Q: 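Mind looking over this structure? Questions follow.
Protein chains get the first letters and strands the later ones, always in sequence-line order, with residue 1 at the start of each. Here the structure is a predicted model, which is why all the values come from computation and not from measurement.
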There are 2 protein chains.
Amino acid sequence: MDQEILKKYSNVEECPVRNVLDRIGNKWTLLVLLVLEEEKVLRFNELHNYIVTISQKMLSVTLKSLEADGLVKRTIYPQVPPKVEYELTERAQSLLPHIHSLVDWSKDHINDIKASRKNYELVTKK
Amino acid sequence: MDQEILKKYSNVEECPVRNVLDRIGNKWTLLVLLVLEEEKVLRFNELHNYIVTISQKMLSVTLKSLEADGLVKRTIYPQVPPKVEYELTERAQSLLPHIHSLVDWSKDHINDIKASRKNYELVTKK
DNA sequence: ATTAAAACTAACTCTAAGGTTAGTATAACA
DNA sequence: TGTTATACTAACCTTAGAGTTAGTTTTAAT
């Protein structure tokens, strides 16, 4: 890895990975993606019923940023009271296998990692 | 995905994915992993020279958490001035392929994603 | 006339991640 | 004698992500 590439990629704006991980890495995005993958199409309040601990605001923010990135498609039905449906796009479908491989790795190693953390605490005495 | 699993995984402590992504998702972890993968073994200041924009504090914090998770091995040589070397563990090596698959996906789709974001801004007029 | 329903938004606060600056220990070297 | 080198840490400040509460819109049903 030469210096020029590194300098470039240390900058968030220009780093494709950071650009993507900044979204996926936040608190609710991954969960919303996985629920939509499973359920195919959901309305706002249906999603909220699946993920009960998220606030309306954060669900709204998360969906907006997924929509902005072209990972979620939002369909409004002109009714009162309103009806809005959310579903994954093809782009999201192409992302999901890679996410699942990370999910699987996490499940496979979480016990070891937690054991390491405990041991580290002991060794560093705090 | 049944309600019980969802309720359980909405909780950060118990969710293996969140446990791992919370680390990988932060600002510097991924970059440190990739530099160490490339360079094999590096001292603190050498790492700092590769990633010039990171502060000493954040490099220290990032390395500590990687060490705590058993992803980085830290070797101290009892010298003055001190010498400390960092390298990836096997656990990190087993993680890296999955990270690379995400990295590659990001590179492949970043242009489309940025185009989507721009278009979204236009459509939502702000 | 009042209430309900759905999908939000506004305005505010709180918290933790990240950044800045200065300082420590110790021996060797000029 | 004073400076340098290395790998940090302490104390402090700033900012952005996340949470809370209340309110909006519009029509239909009671």
Side-chain angles (χ1 to χ4, degrees), chain A residues 10-13 15 18-19 21-32 36 41-69 72-87 120 123-126, chain B residues 10-13 15 18-19 21-32 36 41-69 72-87 120 123-126:
Chain A
S10 294
N11 176 308
V12 184
E13 305 300 311
C15 173
R18 200 83 70 75
N19 250 284
L21 268 185
D22 276 0
R23 301 295 178 103
I24 292 171
N26 69 23
K27 188 162 176 186
W28 299 107
T29 300
L30 198 60
L31 205 49
V32 169
L36 280 176
V41 182
L42 288 175
R43 301 175 65 176
F44 188 88
N45 280 341
E46 286 173 340
L47 258 167
H48 201 206
N49 288 336
Y50 275 92
I51 310 172
V52 285
T53 45
I54 196 175
S55 63
Q56 279 190 319
K57 177 197 162 189
M58 286 316 297
L59 181 53
S60 174
V61 166
T62 303
L63 286 169
K64 265 187 209 312
S65 102
L66 283 169
E67 193 196 352
D69 285 6
V72 156
K73 183 181 156 207
R74 181 169 179 270
T75 313
I76 319 171
Y77 297 88
Q79 306 176 355
V80 171
K83 175 178 176 182
V84 180
E85 286 184 344
Y86 295 93
E87 62 193 306
Y120 183 81
V123 171
T124 55
K125 285 159 223 122
K126 37 167 238 169
Chain B
S10 294
N11 175 309
V12 186
E13 305 300 312
C15 173
R18 201 83 69 77
N19 251 284
L21 268 185
D22 276 359
R23 301 296 178 101
I24 291 170
N26 68 23
K27 189 163 176 188
W28 299 109
T29 300
L30 198 60
L31 204 50
V32 169
L36 280 176
V41 182
L42 288 176
R43 298 175 66 176
F44 187 89
N45 280 342
E46 286 174 338
L47 258 167
H48 202 205
N49 289 336
Y50 275 93
I51 310 172
V52 285
T53 44
I54 195 175
S55 64
Q56 280 191 318
K57 177 197 161 187
M58 286 314 296
L59 180 52
S60 174
V61 166
T62 303
L63 286 169
K64 265 189 209 313
S65 103
L66 283 170
E67 194 196 352
D69 286 5
V72 157
K73 184 181 155 206
R74 181 171 180 269
T75 312
I76 320 170
Y77 296 88
Q79 306 177 355
V80 171
K83 175 178 175 181
V84 180
E85 286 184 343
Y86 295 92
E87 61 193 307
Y120 184 82
V123 171
T124 56
K125 286 163 224 119
K126 35 167 243 169

Q: How far does CZ of A/Arg23 sit from CG of A/Leu30, to the nearest 0.5 angstrom?
A: 14.5 Å
Q: First locate atom CD1 of B/Ile51, then atom CD of B/Glu46, and finally report the distance between them rounded to the nearest 0.5 Å.
A: 12.5 Å
Q: Taking only nitrogen or oxygen atoms into account, show me every contact under 3.5 Å that the protein makes with nucleotides 1-3 of chain D, one pair per line with its distance.
A:
none

Q: May I have the distance from A/Asp22 (atom CG) to C/dG18 (atom C1'), rounded to whole angstrom?
A: 13 Å
Q: Taking the side chain as C-beta and beyond, is there a heavy-atom pair between B/Arg18 and A/Leu31 under 4.5 Å?
A: yes
Q: Round to a whole Å and report the spacing from CZ of A/Phe44 to C1' of C/dA5.
A: 14 Å
Q: Ignoring hydrogens, what is the shortest heavy-atom contact between A/Val52 and A/Asn49? Give both atom names and the distance.
A: CG1-O, 3.4 Å
Q: For the atom pair NZ (A/Lys83) and CG (A/Asn45), what is the distance rounded to the nearest 0.5 Å?
A: 13.0 Å
Q: For the helix from C/dA1-D/dT30 to C/dA30-D/dT1, what angle lies between the axis at the first five pairs and the axis at the last five pairs, to 10 degrees?
A: 30°
Q: Does A/Thr124 reach the main-chain N or O of A/Tyr120 with its side chain, forming a donor-acceptor pair under 3.5 Å?
A: yes
Q: Does some side-chain heavy atom of A/Tyr86 sit less than 4.5 Å from a side-chain heavy atom of A/Val72?
A: yes
Q: Any chance you could lay out the side chain to side chain contact (heavy atoms under 4.5 Å, CB included) test for B/Thr75 and B/Val41, step after step, and finish with the verdict?
A: CA-CA 10 Å; B/Thr75 312; B/Val41 182; over 6 Å; no
Q: Any side-chain heavy atom of B/Glu87 sitting closer than 4.5 Å to one from B/Leu36?
A: no
Q: Starting at the 5' end of DNA chain D and moving along, which residue's nearest nucleotide shows up first, A/Asn26 or A/Pro82?
A: A/Asn26
Q: Just how far, in rounded Å, is C1' of C/dA6 from CG of A/Leu47?
A: 14 Å
Q: Within the 4.0 Å heavy-atom criterion, would you say A/Tyr86 contacts the bases, only the backbone, or no part of the nucleic acid?
A: sugar-phosphate
Q: Quick one: NZ on A/Lys64 to CG on A/Asp69, what's the gap to the nearest 0.5 Å?
A: 13.5 Å
Q: Using atom NZ of A/Lys83 as one end and atom P of C/dA4 as the other, report the distance to the nearest whole Å.
A: 23 Å
Q: Let's see if you can work this out: which of D/dG19, D/dA7, C/dG19 has an atom nearest to the side-chain heavy atoms of B/Arg74?
A: D/dA7
Q: Expressed as a whole number of angstroms, how long is the span from B/His48:NE2 to C/dT20:C1'?
A: 12 Å
Q: Please determine, for the side chain of B/Pro81, which listed nucleotide (D/dA5, D/dA7, C/dA7) has the closest atom?
A: D/dA5
Q: How many Å lie between CD1 on B/Ile54 and C1' on C/dA17, as a whole number?
A: 13 Å
Q: How many angstroms lie between CG in A/Asp22 and OG1 in A/Thr29, if you round to the nearest 0.5 Å?
A: 10.5 Å
Q: CD1 of A/Ile24 versus P of D/dG17: gap in Å, rounded?
A: 16 Å
Q: For DNA chain D, what residues of residues 55-65 of chain A have any heavy atom nearer than 4.0 Å?
A: A/Ser55, A/Lys57, A/Met58
Q: For B/Asn49 and D/dT6, give me the distance from atom CG to atom C1', rounded to whole Å.
A: 12 Å
Q: Quick check for you: to the nearest 0.5 Å, what is the distance between B/Trp28 atom CH2 and B/Ser65 atom OG?
A: 14.5 Å
Q: What nucleotide, of C/dA7, C/dG19, C/dC8, holds the atom closest to the side chain of A/Arg43?
A: C/dA7
